[in-house]
Each structure stands twice: as C-alpha cells, then as structure tokens.
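Take a look at the structure below.
Numbers restart at 1 for each chain; the letters A, B, ... are given by sequence-line order, proteins then strands.
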Amino acid sequence: MLCTPSSLYLPPSPKPNQSYLRNSHSPTSEHLRTDLLHTFNSPFELKQVHACFIKTSTPLSVLPLLRVGFVCAFTSSFSYAQQIFERVGKPEIFVWNSCLKAFAEGDSPIDAILLFYRLRQFDVFIDSFTCSFVLKACSQLLDVSNGRIVHAFVEKLGFQSNLFLQNTILHLYSSCGAMGDAQMLFENMSQRDVVTWNIMVTQLVKRDDIEGAYNLFSQMPERSVRSWTSMIAGFVQCGKPKEAVDLFVQMEEAGERANEVTVVAVLAACSDLGALDLGRRIHEYSNRSGFGRNVRISNTLIDMYVKCGCLEDACRVFDEMEERTVVSWSAMIGGLAMHGRAEEALRLFSKMTQIGMKPNGVTFLGLLHACSHMGLINEGRRYFASMTRDYAIIPQIEHYGCMVDLYSRAGLLQEAHEFIMNMPIKPNGVVWGALLGGCRVHNNIELAEEAIRHLLELDPLNDGYYVVLSNIYAQAEQWEDTARVRKLMRDQGVKKTPGWSSITVDGVVHEFVAGDETHPKTEEIFQRWEKLLEEMKLKGYVPNTSVVLLDMEEHDKVKVLHRHSEKLALVFGLMNTPPRTPIRIMKNLRVCEDCHAALKLISAIVNREIVVRDRNRFHCFKNGSCSCRDYW
DNA sequence: CTAGGGTTAG
C-alpha cells in the first residue's frame with residue numbers, strides 16, 4: 001500500500017522548550033538553524049538535526065518524537081524512526097501510539113489509519129492502545145470499513161474483555177450509523193459501564209431516535225453528569241426544550257451538579273422557550289461555578305438573551321468577553337438583526353472584519369436578515385455579492401431565502417421572481433414562501449399564484465402558505481377564491497395551526513390560544529380589554545378585520561380579532577405585573593396587522609414596553625411605535 | 001498513551 005500523509009507538513013510546535021539551541025553563543029547555531037529542531041519536515045532535515053546532536057553530545061531524548069514519527073512513518077525512513085526510538089529508551093509501540101493519538105485527535109485522522117497499516121507492514125507489535133487510537137480515527141472519519149478491520153484485530157489479539165476497547169468499538173459503529181451492529185454489540189457485551197450507556201443514548205439522539213434514547217436513559221443502572229447532559233442536549237436538539245428543562249430540574253433534584261456542557265444545553269433550551277428567569281438563574285450559576293470565561297457558554301448566553309428579548313443583556317455579555325470567536329460575532333449580529341437594529345448589526349460586522357475576524361456563512365445570514373428586516377436593498381445586494389467574492393463563502397439555500405425575502409418585502413416582486421429563476425440550486429419552500437409573503441404585503445395575486453403552485457409541490461402540508469394565500473384573496477375581496485383555498489386545505493387534510501401566545505408571570509408560564517376562554521381569569525381579562533378598547537378608540541383605533549379569514553358577520557369578525565392570543569396574553573400581563581415594567585410575550589405565529597396596531601397604541605396608553613417574540617423576529621412596542629418601524 | 005456530552009443558522 002502506498003502511504004502518503006494527508007498533509008506534508010505538521011505545524012511547528014508552539015514553543016520549543018529547549019533554549020540552548022537558540023543561544024547564538026552555542027556552537028550548534030552555525031550548523032543548525034535554530035528552529036529546525038522542531039520543524040524538520042524531511043528525513044534529510046532530521047538527519048541534519050541528528051548529526052548536530054551527535055556533535056554536541058545532546059541526548060536523543062530531546063528530539064520531538066511525534067515529529068520524528070510523522071516524518072519517518074510515511075517515507076522510506078520507517079526503520080530510521082525505529083532506530084531512534086530504540087535509543088531513546090522508550091518501548092517502540094509507546095511512541096507510535098502517541099503519534100496515533102495525535103493524528104486521531106488532530107485534523108488528519110486518516111494519517112492514523114495509514115500509520116496503522118505501516119505498523120502492520122513492519123510487523124510492529126500492536127497493543128490495545130494502538131487499537132483504541134485507530135478506532136477513534138475511524139470514528140472521526142466515519143470509516144466503518146477500516147473500523148471493522150481494526151475490530152477484527154481486537155478479537156484476534158484477545159482484547160474482547162477490555163471494556164475500554166468494547167466501548168470504543170461501540171462508539172465506532174454507532175457514530176458511523178451502523179446502528180444494527182451497535183445494538184447487537186451492546187446487547188452482547190458481557191459487561192457495561194456508564195460510558196457504554198452514554199454512547200448509546202448519545203448516538204440514538206443523533207439518529208433522531210429520542211424515544212429510544214430516553215428509553216435507554218430510563219433503564220440506566222447509574223447515571224453520570226454526562227448521561228444527564230446527553231439527554232438534555234438531545235431534547236434540545238430534537239426541538240423539545242420543555243422536556244430538556246424538566247430533565248434539568250430532575251437532575252438537580254438527583255443532586256448532580258451541572259458542568260459547562262450542561263449549562264450550554266440548558267441555556268439553549270431557555271433560548272427556545274424564551275425562559276428568561278431560568279436563563280438568568282443559569283447565568284448566575286455559571287459565574288458562581290467559574291465558567292464565566294468559557295467562550296461557548298458566553299456565546300449561548302448571548303443567544304439566550306437575544307431570544308428572550310433582552311438585547312442589552314446580550315450586548316453586555318458580548319462586551320465583557322475576553323475572547324470572541326466567529327460564533328460570538330455572528331450571534332450578536334444575528335441578534336441585532338432579529339431586533340431590527342440593522343445599522344448596529346452592519347456596524348458590528350465592519351468592526352469584526354476590521355480586527356481581522358473572518359465571517360462565515362452564518363454571519364452573512366445575520367447580515368442579510370438585518371437588511372431584509374429593514375429594507376436595506378442595496379446593502380443586502382452588496383453583502384450577498386461580497387460573501388463569495390471576498391470570503392469565498394458559497395451561498396446556501398438560506399442565503400437565497402434571505403435575498404428573496406429582502407426583495408419581496410420591499411415590493412421588488414419581479415426581481416425576487418427573477419432571482420429565484422436564476423438560482424443555481426433548487427428553490428425550497430422557504431424561498432417561494434418568502435415571495436408569497438411579499439405578494440401579500442404588496443397585493444400581487446398573479447405572482448402569489450405562481451408561488452403557491454411550487455409550494456403545493458414542495459411543502460403541501462404547511463398550513464401557513466394556504467393562510468397567506470387566502471389572506472391575499474380576502475384583501476382583494478375575491479371571496480370565491482378564499483373559499484377555494486379553504487376547500488383545498490380541507491382536501492389536503494391541512495388545518496390552520498392555532499395561534500398561541502405565552503407570558504411568564506412570577507416564574508409561571510401562562511399560555512393563551514386564540515379565542516381561548518378557558519383561562520380562569522378570562523372574565524377579568526375581557527373586562528380589562530373593553531376598558532382598554534375605549535381608550536384605544538379615542539386614539540383612533542379601528543379594528544382591521546381583513547385579517548380574519550372566516551366567513552362571518554363583521555361584528556363576529558371583530559370578536560375573533562379581539563380574542564387573538566397576543567391580546568389576551570398582553571392584558572393578562574398588564575393585570576399581573578407591576579406598572580411600568582416591560583412585558584414579554586412569545587408567539588408561535590407572526591403578529592397580525594391588527595394586533596400590531598393595537599399593541600403600538602397600548603404601549604403608549606399604559607406607558608409600558610411590550611416585547612413580542614414573533615415566529616421570526618422581535619417587535620418592541622414603546623411610546624406608540626414599534627422597533628420594526630412597521631416594516632415586517 | 002486508552003471510551004462518552006456543548007455555541008451562532010432553523
């Protein structure tokens with residue numbers, strides 16, 4: 001087999017710890033470049049170093065053996081390395097194992113596999129450590145074929161009872177998606193420990209089998225923090241943040257202390273739920289536990305505060321970070337965009353590039369969001385062009401979605417349509433949906449019908465598109481067409497997702513569904529609403545019933561309108577929180593025009609800040625206006 | 001010198 005390392009050069013060691021070669025008075029300096037000791041890249045250079053060592057009576061143990069291994073393993077000098085290792089006085093396999101570990105954990109795990117074959121070729125004695133590192137490399141590469149070969153070696157060498165190796169093999173099969181093999185191995189293992197179970201739980205989660213994962217989790221004879229964390233992270237990943245939080249509470253009750261990874265997972269759950277109280281509590285816990293400088297935790301905190309509507313807190317976390325990654329910048333830029341603060345998002349981006357931080361695709365998604373939310377057409381165009389030209393980032397379908405959204409919202413519907421037709425990748429439901437949304441705002445029935453033709457094919461079960469279309473017809477007073485859309489929905493078995501809003505008061509989440517009269521405080525809520533309504537009317541509020549699609553009398557439409565979930569949640573919030581405190585509401589759908597107008601007026605009447613987290617952005621109502629500047 | 005969990009987008 002031809003063995004060539006995946007990269008010709010290893011990066012030099014960060015800090016040479018032998019300083020006497022750097023000393024200019026040393027006789028070695030004229031024979032040996034000072035940095036060569038740690039950076040030799042060929043057997044020839046190695047021999048130069050070696051010769052110098054002999055001349056200066058330097059012990060061979062000073063040689064960086066990982067480098068010797070790397071340089072010799074893939075050249076004809078394999079036996080040269082063997083000779084050196086012999087003289088260093090360490091068992092040969094010990095040194096090769098260190099090389100394997102470095103390769104397996106570095107950025108070229110393939111080299112570990114290649115080295116393994118070299119070791120076999122030279123009849124080097126293989127031990128259990130060798131197998132574990134090569135197996136790790138196979139897992140990293142999702143290379144189950146080579147993994148099976150190593151597995152066979154493990155059997156042949158009689159390591160069946162080595163639990164470490166069994167776990168590594170289990171990890172190999174499960175992480176490569178060979179769940180059948182993994183399952184069989186798991187069931188046949190003569191002994192298992194907590195790691196065995198954790199591997200299974202984690203991998204089942206990764207395969208989207210959350211039930212299977214939780215089933216195993218429940219059966220575990222003992223659990224470690226990692227078991228809890230895997231399961232919590234699993235619930236977050238599959239969109240069940242409530243379950244994640246519940247499990248976290250159980251974990252605390254079980255007396256297990258959260259570590260950094262747990263904190264990240266729970267904070268992510270808080271972001272999804274908009275659970276600000278818990279988020280703050282975890283933030284304090286994290287600081288108390290000394291996790292304050294963990295970059296990933298800070299990144300997740302930024303996102304948590306952003307999604308809980310506390311942009312200022314997010315900024316504070318960002319500002320106080322000692323070290324920031326591209327994720328930190330992207331999270332902050334995306335957060336500003338979500339809150340409609342486009343100028344600041346763009347400014348942050350230039351600051352980012354000024355300090356030499358390289359943006360990635362997600363950064364640009366945030367920027368494009370900022371532009372589309374605020375109608376910055378030219379800037380959006382510029383950034384879209386720049387990402388490929390200046391940063392070699394290939395736009396993904398999400399970026400195209402943003403661009404179509406940008407054009408469509410701004411009313412450039414023809415451009416949006418042309419843009420879709422010229423896309424190098426197949427447009428998805430989000431892309432056509434963005435065009436459809438623009439058609440509603442700008443009343444373009446023809447293009448809306450074009451969009452829906454594609455949407456019926458791409459995403460026929462998504463109720464949102466039908467609703468938007470019937471909205472468009474309703475606005476044009478084409479009632480037969482709205483009826484037709486309703487029939488289409490019935491035929492397809494699609495039902496409109498009920499709108500709900502939630503508000504947290506004193507740590508308790510109150511949920512309101514549109515039209516809901518089951519809340520114990522319903523009577524008081526309606527009374528308070530009627531009072532508010534009078535004041536709103538004095539300020540010029542007129543119910544906008546065009547958003548009600550049901551076929552009914554006008555005054556019934558008004559009734560439906562006034563039972564929209566965000567209105568219920570808001571009134572409940574006004575009744576149950578101290579005056580002047582901000583009110584935060586979460587909503588599963590987008591805010592309708594009527595609620596938007598109503599909330600603006602109410603914010604002025606009651607002199608409160610009302611923050612609403614919509615399906616795709618934030619609205620911050622204050623003194624009668626909204627942070628989205630009515631562009632959404 | 002050996003095994004298992006984590007962040008931005010949706």
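A:T202 comes within 4.0 angstrom of sugar-phosphate atoms only, judged by non-hydrogen atoms across all strands, and of no base. Using a 4.0 Å heavy-atom distance criterion, A:N294 is classed as a base contact. Among the heavy atoms of the strands lying under 4.0 Å from A:I297 is at least one base atom, whether or not backbone atoms are also near. When heavy atoms are screened at a 4.0 angstrom cut-off, A:K90 is found touching no nucleic acid atom at all. Within the 4.0 angstrom heavy-atom criterion, base atoms lie near A:S224. At the heavy-atom level, A:Q203 lies nowhere under 4.0 Å from the strands shown. Contact annotation for A:N97: base contact, defined as any heavy-atom pair under 4.0 Å involving a base atom.
Reading DNA chain B from its 5' end, the first and the last nucleotide to sit under 4.0 Å from a heavy atom of chain A are B:dC1 to B:dG10.
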Extract all donor-acceptor atom pairs below 3.5 Å that involve side chains of residues 229-240 of chain A and protein atoms in other chains or at least two apart in sequence.
{"residue": "A:T229", "atom": "OG1", "partner": "A:V225", "partner atom": "O", "Å": "2.7"}
{"residue": "A:T229", "atom": "OG1", "partner": "A:T262", "partner atom": "OG1", "Å": "2.9"}
{"residue": "A:S230", "atom": "OG", "partner": "A:T202", "partner atom": "OG1", "Å": "3.4"}
{"residue": "A:S230", "atom": "OG", "partner": "A:R226", "partner atom": "O", "Å": "2.8"}

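Taking the charged nitrogens against the carboxylate oxygens, A:D313 and A:R316 do have a contact shorter than 4.0 Å, which makes a salt bridge. Using a 4.0 Å cut-off between charged nitrogen and carboxylate oxygen, A:E105 and A:K136 count as a salt-bridge pair. Under 4.0 Å is where a charged nitrogen must lie from a carboxylate oxygen, and between A:R341 and A:E312 at least one such pair does. At a threshold of 4.0 Å, the pair A:K307-A:D303 counts as salt-bridged, since one of the basic side-chain nitrogens sits closer than that to a carboxylate oxygen.
Of the options A:F116, A:F122, A:F78, a ring-ring contact (aromatic ring centres under 6.0 Å, His included) to A:W96 is made by A:F78 and by none of the others.
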